[in-house]
Amino acid sequence: MANRFPVSSEILNWLPKYSGKGYEAFYTRYPKYDEWVVGSLSPTFNQITDLAVFSNVPLGYMYLQAPPNIAEKEIADFRRVNGGVEDSTPYSSELRDTIYDMQIRQDWLSEYRKLNLAMDQIPYIGGVFSRYEC
């Protein structure tokens with residue numbers, strides 16, 4: 001018999017929304033998902049691992065009692081549809097993760113430049129436009 005570990009129903013209800021895949025995808029992939037949400041059955045560790053990968057969340061999130069407080073759109077959104085109307089659809093989890101990864105790399109490179117190269121500012125940034133009045 002496989003060891004089963006309880007997952008909070010709040011987390012299980014949050015995953016389909018956060019991942020952007022919707023409830024139908026979860027119920028299709030995991031036939032006992034409704035039993036997990038109700039709490040009458042708990043998933044196995046392998047199922048929890050697969051659920052985290054399918055949801056594109058860290059495995060540790062599966063053991064929280066409540067979903068983490070993650071802002072949907074923390075960066076400027078320049079997407080427009082139908083003649084300039086802002087697109088209100090949320091970012092995909094893949095795009096959100098890519099943006100976070102790039103922000104981490106930008107921060108690292110900025111710190112590296114300041115500490116190891118002793119450059120407070122890069123001299124050519126703003127150099128072209130500073131000559132021209134816009």
Side-chain angles (χ1 to χ4, degrees):
M1 184 162 141
N3 290 333
R4 297 188 175 273
F5 301 94
V7 177
S8 165
S9 61
E10 288 183 54
I11 295 291
L12 292 171
N13 281 319
W14 171 74
L15 288 175
K17 294 179 226 169
Y18 178 77
S19 69
K21 295 182 179 180
Y23 287 97
E24 187 174 324
F26 281 79
Y27 286 113
T28 302
R29 184 164 175 136
Y30 306 102
K32 297 185 179 186
Y33 195 75
D34 56 344
E35 294 179 43
W36 298 348
V37 172
V38 172
S40 61
L41 183 67
S42 295
T44 64
F45 180 75
N46 289 338
Q47 289 171 327
I48 292 171
T49 303
D50 185 60
L51 186 60
V53 170
F54 183 67
S55 305
N56 199 23
V57 299
L59 181 62
Y61 282 12
M62 304 303 291
Y63 296 102
L64 297 174
Q65 291 301 311
N69 187 10
I70 300 174
E72 258 322 291
K73 293 183 179 178
E74 295 177 349
I75 61 170
D77 188 356
F78 298 106
R79 299 177 300 164
R80 300 287 184 261
V81 293
N82 299 332
V85 178
E86 185 176 335
D87 187 5
S88 61
T89 57
Y91 298 134
S92 68
S93 58
E94 291 85 5
L95 176 59
R96 187 177 48 240
D97 288 345
T98 301
I99 291 169
Y100 290 155
D101 286 344
M102 293 303 111
Q103 288 174 337
I104 289 169
R105 290 176 185 178
Q106 285 175 334
D107 292 342
W108 174 85
L109 188 57
S110 179
E111 289 297 316
Y112 178 82
R113 175 181 49 82
K114 290 175 186 173
L115 297 174
N116 296 334
L117 302 178
M119 295 175 69
D120 224 11
Q121 290 185 333
I122 299 176
Y124 57 83
I125 299 295
V128 175
F129 292 112
S130 64
R131 294 183 201 155
Y132 304 102
E133 295 298 321
C134 296

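We use all heavy atoms of the structure for the numbers below, so side chains are in, but hydrogens, waters and symmetry mates are not. Each residue takes its place number in the sequence, starting with 1. Predicted model, so just to flag it, every value in this text is computed and none were measured.
- Here the closest heavy-atom approach between residue D34 and residue P31 is recorded as OD1-O, 3.6 Å.
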Original post:
Are V57 and W14 close enough, and set up right, to give a side-chain contact (heavy atoms from CB on, under 4.5 Å), and what steps lead you there?
Top reply: CA-CA 11 Å; V57 299; W14 171 74; 4.3 Å; yes

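- Rounding to the nearest 0.5 Å gives a distance of 10.5 Å between OG1 of T44 and NZ of K32.
- Closest of all the heavy-atom pairs between S42 and P6 is OG-CA, 3.5 Å.
- The two residues N13 and K17 come nearest to each other via the heavy atoms O-CE, 3.5 Å.
- Note: Y61 OH to N56 CG = 10.5 Å, rounded to the nearest 0.5 Å.
- Note that CG of L15 and NZ of K21 are 10.5 Å apart. Values are rounded to the nearest 0.5 Å.
- Distance check, rounded to the nearest 0.5 Å: CG of L12 to CD of E35 gives 12.5 Å.
- Relative orientation of the F54 and Y30 rings is perpendicular, given thresholds of 30° and 60° on the angle between their planes.
- Among all heavy-atom pairs drawn from I48 and M62, the shortest one is CG2-CB, 3.7 Å.
- Ring geometry for Y33 against Y27 counts as perpendicular: the plane angle is over 60°, on a 0 to 90° scale with 30° as the lower cut.
- In terms of heavy atoms, Q47 sits closest to P43 at OE1-CA, 3.3 Å.
- At a threshold of 4.5 Å between non-hydrogen side-chain atoms, the residues K114 and S110 count as touching.
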Subject >> side-chain contact (heavy atoms from CB on, under 4.5 Å) between F26 and S55, intermediate numbers included >> reply: CA-CA 9 Å; F26 281 79; S55 305; 3.3 Å; yes

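- When every heavy atom of L59 is checked against every heavy atom of T49, the shortest pair comes out as CD1-CA, 4.0 Å.
- For OH of Y112, the number of neighbouring non-hydrogen atoms (other residues, nucleotides, ligands) closer than 6.0 Å is 12 at most.
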